[in-house]
Amino acid sequence: MSDYSASPLLLQAEGLKLRFGGIIAADGIDLSLHEGEHLAIIGPNGAGKTTFLNICTGYLRPQGGSVRFENREITAQPPRQITRLGIARAFQIPQLFAEQTVLENMLLAVSVRERHWNPLRNLHAVPERREMEGLLELVGCSDVRDRVASELPEGKRKLADIAIALALKPRVLLMDEPTSGVASADKFDVMETLMNALRQAKVSSVFVEHDMEMVSRYATRVAVWAQGKIQTTGAPEVVLNDPDVVRNVIGG
Ligand SMILES: Nc1ncnc2c1ncn2[C@@H]1O[C@H](COP(=O)(O)OP(=O)(O)OP(=O)(O)O)[C@@H](O)[C@H]1O
């Protein structure tokens, strides 16, 4: 395993706690992410994986603990503020404007980033248009640039959603099952394109994943969630062969 512990620390969660009534979704989560890492989160349904992403991106407020990003406290800040600082989020269901073209979605995203969005202005005239076309090329979506988002095949929709996240110039991208809903024949191509784009853009990532082949191919490190706690973390080749992980997560 490549060791990233000497690389700059990006994200640091300490002692995160969150309950929903009687359900403990986070029970003392400690986790760090260093620059260059692509950390996979695995674990059974309901273990609290998405809750962790929601806390880190400000969608949920923890009842205990803290999240720091580049050594700055971001716990419970609004999602928009956290995005501006450099943590982007991609969802299981891509957050595209369905009736706009892929390029228009990109231009809207960059207009918001640059705070110059104006309904009276021609969207296509924004100065960052070339930059956005470059990002679409990076994620293999130049061919669908002028297609309406709702008409895209799922793989392209996911990649376009990633391009929008990259338009916000993040340092970290958090993803919830990045290829869910993509036809199995296309999953690896989509993930390969996505991870290459992240590496080229020098964006680190955390991704929740149920497909262990995807984890072993693309994660630099794996964290195993169980009932709101981290059961273990380590190199994919070690963690995915750990008998407890095989029994509780992979076998199940
Ligand atoms: N907003 C909420 N209100 C109430 N309960 C919630 C809420 N969000 C999550 N939970 C509960 O917290 C627990 C952890 O949920 P979470 O979605 O984080 O799990 P997960 O590991 O991502 O599961 P999956 O793999 O099925 O997506 C679950 O029991 C879930 O039902």
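When a ligand or atom number is given, it counts from 1 through the structure's own listing order.
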Do Lys49 side-chain atoms and Val208 backbone N/O form a donor-acceptor pair below 3.5 Å?
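No, the answer is negative, given that no donor and acceptor are paired below the 3.5 Å cut-off.
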Non-hydrogen atoms of Leu152 and Arg157 that approach each other most closely
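Reported closest heavy-atom pair: O-NH2, 3.5 Å.
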Closest approach of Gly155 to Val190 (non-hydrogen atoms, all atoms of both residues)
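Nearest heavy atoms, Gly155 then Val190: CA-CG2, 3.8 Å.
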Which atoms from ligand 1 have a heavy atom of [X] less than 4.0 Å away?
X: Pro44; result: 21 (O)
X: His210; result: 25 (O)
X: Ala47; result: 19 (O), 20 (P), 21 (O)
X: Thr51; result: 14 (C), 15 (O), 16 (P), 18 (O)
X: Asn45; result: 23 (O), 24 (P), 25 (O), 26 (O)

[X]-ligand 1 polar pair, N/O distance under 3.5 Å:
X: Ala25; answer: no
X: Ile23; answer: no
X: Lys49; answer: yes

Heavy-atom nearest neighbour of atom 4 (C) of ligand 1 within options Phe52, Trp225, Phe20
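Considering heavy atoms of Phe52, Trp225, Phe20, the nearest to atom 4 (C) of ligand 1 sits in Phe20.
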Any donor-acceptor N or O pair under 3.5 Å, side chains His38, Ser205
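Yes, a side-chain donor-acceptor pair sits under 3.5 Å.
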Residue that, paired with Asp27, satisfies side chain to side chain contact (heavy atoms under 4.5 Å, CB included) out of Lys17, Gln227, Arg19
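Among Lys17, Gln227, Arg19, the one meeting side chain to side chain contact (heavy atoms under 4.5 Å, CB included) with Asp27 is Lys17.
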Any non-hydrogen atom of Gly48 lying under 4.0 Å from ligand 1?
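Yes, Gly48 has heavy atoms under 4.0 Å from ligand 1.
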Arg217 and Phe188, any side-chain heavy atoms less than 4.5 Å apart
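Touching, per the 4.5 Å side-chain cut-off.
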Within 45° of the ring axis of Phe69 and under 6.0 Å from its six-membered ring centre, is that where the NZ or CZ of Arg171 lies?
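Negative - Arg171 is either too far from the ring of Phe69 or too far off its axis.
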